[in-house]
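Whatever order the structure lists ligands and atoms in, that order sets their numbers, starting from 1.
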Amino acid sequence: MNKMTFKDNDILIFRDSNEISDYIIEKWAETAEREIGRKNEFTVALSGGSTPVHVYRNLASQTSLPWEKTHVFMVDERFVPYDSDGNNFRMINESLLLHVGIPARNVHPIITSNNSARDCAANYENDIISFFKLSPGAFPNIDLVLLGIGQDGHTASLFPGTASLSERSHLAVAVTPLKESQKDRITITFPVINNASNVMFLATGESKAGILRKIIKMKNRNLPAAMVKPLNGTAVFLVDADAGSLLD
Ligand code: 6PG
């Protein structure tokens, strides 16, 4: 693994997805042990998409991790039913959660069976407020947030050109991506992401090289992924050699 620091971003370049997955499992175990020692629970928010599936499958074999004290939240969800192929929670459930014996009460999906994405976002926000016992205007401090990066620079479901980018009070919002082909989404907001302790971006493959260069080298602040700046935490980019190929 090669470590690069570019301005205020740490980028770790790994040989392949296996190396990235090993690194994430190591950091997950480390952070879980520390946080459970500190507050008897470990909170993590997971992204959908295709890139993290490999990591989730490898995590699923880590049955010695403290799943009974781990709480899993969702970074975002597509406004589609659970049994649809595009449902992020279904993917995370089938590739990870159903294999590790985590108590059902520790799993916090974004329920999509409500009438609108807006109602789903409101319900999810209430779940986060009650779990973290938040007072009005406060944001949760999630221990570890795993984010992806889209080729348009979106992260979570915070898409370029959408109102979700300037949301400063809600914890979760509904998003209508500009691309008509894309379903409505529900996503956590920047104040939640930027209040997390550890943020890890995961990007692999040549198709992500161009956008990574824009985010990291050209610091294009209009790109949602470049707007992730944890206040009291860290954000690190975990990329493979192909995705990092334009970061010389
Ligand atoms: C989603 C994600 C989204 C994803 C990026 C990257 O619901 O799709 O949460 O933010 O991380 O689109 O997706 P890939 O990993 O499939 O490239």
Side-chain angles (χ1 to χ4, degrees), residues 14 16-18 20-21 24 44-59 72-97 108-112 117 120-121 124 142 144-162 164-165 167 171-190 192-194 196 199-216 223-228 235-240 242-246:
F14 298 84
D16 56 29
S17 303
N18 284 327
I20 295 179
S21 170
I24 291 175
V44 59
L46 301 179
S47 281
S50 55
T51 311
V53 177
H54 181 71
V55 175
Y56 298 154
R57 289 199 175 122
N58 287 342
L59 265 170
V72 175
F73 289 83
M74 297 293 293
V75 162
D76 65 340
E77 186 58 276
R78 293 91 180 265
F79 186 50
V80 294
Y82 177 84
D83 57 9
S84 131
D85 288 345
N87 186 278
N88 283 341
F89 178 57
R90 178 181 170 190
M91 178 274 283
I92 293 171
N93 223 10
E94 292 176 354
S95 59
L96 172 60
L97 302 176
H108 306 266
I110 297 174
I111 306 294
T112 56
C120 300
Y124 188 52
I142 299 173
L144 176 60
V145 175
L146 195 59
L147 295 176
I149 300 173
Q151 290 183 38
D152 61 357
H154 80 261
T155 190
S157 283
L158 299 161
F159 286 88
T162 61
S164 63
L165 303 185
E167 178 58 51
L171 312 182
V173 291
V175 178
T176 302
L178 302 184
K179 263 201 218 143
E180 272 169 34
S181 59
Q182 287 180 316
K183 294 274 183 201
D184 278 3
R185 304 279 189 109
I186 300 102
T187 185
I188 60 173
T189 58
F190 279 124
V192 173
I193 295 172
N194 287 332
V199 176
M200 289 183 181
F201 282 106
L202 179 55
T204 60
E206 214 174 329
S207 68
K208 299 290 173 72
I211 193 64
L212 275 172
R213 180 179 169 75
K214 286 184 186 153
I215 294 164
I216 294 170
L223 296 169
M227 299 175 188
V228 173
V236 61
F237 291 81
L238 309 179
V239 307
D240 67 359
D242 290 341
S245 58
L246 299 179

Member of Asp152, Ile215, Thr155 meeting the side chain to side chain contact (heavy atoms under 4.5 Å, CB included) criterion with Leu223: Ile215
Minimum non-hydrogen distance to atom 7 (O) of ligand 1, winning option of Leu46, Thr155, Asn88: Asn88
Donor-acceptor under 3.5 Å (Thr112 side chain, Val80 main chain): yes
NZ-CZ distance between Lys183 and Phe79, expressed to the nearest 0.5 angstrom: 9.5 Å
N/O separation below 3.5 Å, Arg185 to ligand 1: yes
Atom indices of ligand 1 within 4.0 angstrom of Arg78 heavy atoms, with elements: 1 (C), 7 (O), 8 (O)
Atom 17 (O) of ligand 1 [closest protein heavy-atom partner, distance rounded to 0.1 Å]: Lys208 NZ, 2.6 Å
Within-shell test, Gln151 vs ligand 1, heavy atom, strictly < 4.0 Å: no
Atom 13 (O) of ligand 1 - nearest protein heavy atom and its distance: Gly49 CA, 4.0 Å
Per-residue contact class, Glu77 against ligand 1 - non-hydrogen pairs under 4.0 Å: neither
No-hydrogen, no-angle side-chain donor-acceptor test under 3.5 Å, Asn58 and Ser21: yes
Ligand-side contact atoms (ligand 1) for residue partner Gly148, heavy atom cut-off under 4.0 Å: 11 (O)
Ala156, Pro52, Pro224, Gly205: member with heavy atom nearest to atom 3 (C) of ligand 1: Ala156
Residue portion contacting ligand 1 (non-hydrogen atoms closer than 4.0 Å) for Val75: neither
Glu77 (side chain) donor-acceptor with Asn88 (main chain) under 3.5 angstrom: yes
Structural part of Thr51 in contact with ligand 1, heavy atom criterion under 4.0 angstrom: both
Under 3.5 Å side-chain donor-acceptor pair for Asp76 and Thr187: no
Charged N-O contact under 4.0 Å between Asp184 and Arg78: no
Atoms in ligand 1 with a heavy atom of His154 nearer than 4.0 Å: 3 (C), 5 (C), 10 (O), 12 (O)
Protein contact to atom 2 (C) of ligand 1 [nearest heavy atom, distance to 0.1 Å]: Asp76 OD2, 3.4 Å
Heavy atom of the protein closest to atom 6 (C) of ligand 1 (residue, atom name, distance): Ile149 O, 3.6 Å
CZ-CG distance between Phe14 and Leu238, expressed to the nearest 0.5 angstrom: 5.0 Å
Interatomic spacing from CG in Leu59 to CG in Leu146 - rounded to 0.5 Å: 9.0 Å
